Amino acid sequence: GAVSRSLTGIGNLLNRSNSSMNAGLDSALNQRESSFRSSFRKQEQIVAASINRQQRQMTELRSFASTGVAGAITGRGIGAGIPGLGIGVGVAQTLKTGYTDAVNFNEQLNKNRVVFGAYADQVINFFAKGAPQALGQTEAQVLESTGTFGNLFKNLGIGERDVFNFSTSLTALASDLASFNNTPVDEAITALRAGLTGESEPLKRFGIDVSDARLRHEAFLLGISDGKSVLDANTKAQAAYSVILKSAGDAQYDFARTAEQGANAARIRQASIAQLASTVGNYLVPVMTKANVVLGKFAVSASNFISG
């Protein structure tokens, strides 16, 4: 009888423990999902609010560039011709950079389509659109970031929906961290990527602790580890993602709050100009691709002729 009662008690204890763990996991997952939805809605509002302002800036930029080129071509006096020539040279350099960015943009498009599968359209045609105003980055930069994060998560065996959620939210957070701490966005992205693999040092400058002890505790709270065992790469990345979002604190949405101030206004201006150049440069990609093919064939033929 005593043994039976003991076994019954142990069984009840295990059931309660299991129920508690399941409840904790459900709560953690719901919290994570809610956090992402809130972040994504916020980004949607930012993009929507910025469209008119971006269109106005693009119109002004096109007008400015065309006036400069026209001044250089028509030579409307020294006062217009010399500044126009200077602007024309600047435009030529911008277009050269734009072509390079356009090539990179197309490569990132292909990568994102492969990485995100069914969610690729949402990344490319929604999240990345309006990036200069919403995030202070060009569309190519945003897609490079989402593709990098997405590839990391996908290779860890994380589900397709979470790959999409994690990658877009971290890409947006990178702009916020850079804004809040006045650092380049690339540095924030690099630090976030390092943090996901358990490298804690880079994120310390942003006030985020992803030490092993912190990740084990977070994994326990999420119900994906016992809090004592060594974390595998998948578990570590999920725990790090959760810690990062919780620790971002006041930095979240800082880019949107300060979009019209100093550094962020400059980021938006630079990204908008680069985006325009990339858009124009995209029209040059087919022409340059054909030219490169022809030149490549010519070089092979010439080499074969010379070598006999």
Side-chain angles (χ1 to χ4, degrees), residues 32 35-36 39 42-43 104 108 111-112 115 123 127-128 131 134-138 140-158 162-222 224-225 227 229-258 262-264 266-267 270-271:
R32 185 179 66 182
S35 175
F36 170 75
S39 176
K42 185 68 176 179
Q43 292 302 323
N104 180 49
Q108 299 307 325
K111 181 177 182 179
N112 276 258
V115 170
V123 176
F127 183 73
L135 300 172
Q137 304 179 53
T138 64
Q141 289 173 316
V142 167
L143 292 177
E144 184 171 357
S145 177
T146 55
T148 298
F149 285 129
N151 192 49
L152 172 63
F153 288 124
K154 187 175 182 179
N155 287 336
L156 291 174
I158 294 175
D162 278 341
V163 170
F164 164 70
N165 289 351
F166 293 179
S167 302
T168 51
S169 58
L170 286 177
T171 298
L173 180 60
S175 286
D176 291 330
L177 290 176
S179 170
F180 194 71
N181 295 279
N182 195 28
T183 64
V185 176
D186 288 346
E187 289 187 14
I189 292 173
T190 299
L192 289 171
R193 186 169 63 246
L196 292 172
T197 59
E199 188 179 344
S200 61
E201 196 63 32
L203 277 175
K204 286 183 179 179
R205 67 178 300 186
F206 298 101
I208 299 175
D209 174 25
V210 289
S211 62
D212 184 65
R214 179 69 190 277
L215 294 185
R216 290 191 189 192
H217 179 66
E218 188 67 22
F220 174 74
L221 294 179
L222 291 173
I224 55 179
S225 173
S229 303
V230 176
L231 303 180
D232 60 30
N234 182 308
T235 305
K236 183 181 292 184
Q238 292 189 65
Y241 173 79
S242 181
V243 168
I244 288 168
L245 288 190
K246 288 181 179 179
S247 303
D250 293 338
Q252 292 196 54
Y253 312 125
D254 188 73
F255 185 87
R257 287 194 299 268
T258 59
N264 283 340
R267 284 191 177 103
Q270 292 167 358

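Computed from a predicted model, the values in this text were never measured in an experiment.
- Residues satisfying the salt bridge (charged side-chain N to carboxylate O under 4.0 Å, His left out) criterion with Asp232, sequence neighbours excluded, are absent altogether.
- The OG atom of Ser225 sits 11.5 Å away from atom NZ of Lys236, with the distance rounded to the nearest 0.5 Å.
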Give the intermediate values and the outcome of side-chain contact (heavy atoms from CB on, under 4.5 Å) for residues Val115 and Val123. CA-CA 11 Å; Val115 170; Val123 176; over 6 Å; no
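- Considering all non-hydrogen atoms of both residues, Ser179 and Asp254 come closest at OG-OD2, 2.6 Å.
- Minimum interatomic distance between Ser242 and Glu218 (heavy atoms only, all atoms of both residues): OG-OE2, 2.6 Å.
- Looking at residues two or more places apart in sequence or on another chain, you find a side chain to side chain contact (heavy atoms under 4.5 Å, CB included) between Glu187 and Thr183, Pro184, Arg205.
- A search for side chain to side chain contact (heavy atoms under 4.5 Å, CB included) contacts involving Ala233 returns Leu156, not counting sequence neighbours.
- Smallest separation of non-hydrogen atoms from Ala237 and Phe153: CB-CE2, 4.3 Å.
- Closest approach of Leu192 to Leu173, counting heavy atoms only: CD2-CD2, 4.4 Å.
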Step by step, would you call Phe166 with Leu152 a side-chain contact (heavy atoms from CB on, under 4.5 Å)? CA-CA 10 Å; Phe166 293 179; Leu152 172 63; over 6 Å; no
Which pairs would a plain distance check flag for residues 210-217, meaning a side-chain donor or acceptor within less than 3.5 Å of a matching protein atom at least two apart in sequence or in another chain?
| from | atom 1 | to | atom 2 | distance (Å) |
| --- | --- | --- | --- | --- |
| Ser211 | OG | Asp209 | OD1 | 3.1 |
| Ser211 | OG | Asp209 | OD2 | 3.4 |
| Ser211 | OG | Arg214 | N | 3.4 |
| Asp212 | OD2 | Arg216 | NE | 2.9 |
| Asp212 | OD2 | Arg216 | NH2 | 3.3 |
| Arg216 | NH1 | Lys228 | O | 2.9 |

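- The line from CD of Gln252 to NZ of Lys246 is 12.5 Å long, rounded to the nearest 0.5 Å.
- Closest approach of Leu177 and Ala251 over heavy atoms only: CD2-CB, 3.8 Å.
- Here the OG-CG distance, from Ser167 to Asp162, works out to 10.0 Å after rounding to the nearest 0.5 Å.
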Evaluate Leu222 against Thr235 for side-chain contact (heavy atoms from CB on, under 4.5 Å), listing each step before the verdict. CA-CA 10 Å; Leu222 291 173; Thr235 305; over 6 Å; no
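- Taking all atoms of both residues into account, the shortest heavy-atom contact from Leu196 to Tyr241 is CD2-N, 4.1 Å.
- The structure places CG of Asn234 at 11.5 Å from CG of Asn155, a figure rounded to the nearest 0.5 Å.
- Although no hydrogens or angles enter the test, the distance criterion places no donor-acceptor pair under 3.5 Å between the side chain of Ser247 and the main chain of Ile244.
- Partners of Ser229 by side-chain hydrogen bond (donor to acceptor under 3.5 Å, both in side chains), not counting sequence neighbours, listed by chain and number: Asp226.
- With hydrogens and angles disregarded, a donor-acceptor distance shorter than 3.5 Å links the side chain of Thr197 to the backbone of Ala194.
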Determine all donor-acceptor pairs shorter than 3.5 Å in which one atom belongs to a side chain in residues 141-150; sequence neighbours excluded.
| from | atom 1 | to | atom 2 | distance (Å) |
| --- | --- | --- | --- | --- |
| Gln141 | OE1 | Thr138 | N | 2.8 |
| Gln141 | OE1 | Thr138 | OG1 | 3.4 |
| Ser145 | OG | Thr171 | OG1 | 3.0 |
| Thr146 | OG1 | Asn112 | OD1 | 2.8 |
| Thr146 | OG1 | Val142 | O | 3.2 |
| Thr146 | OG1 | Leu143 | O | 3.1 |
| Thr148 | OG1 | Glu144 | O | 2.8 |

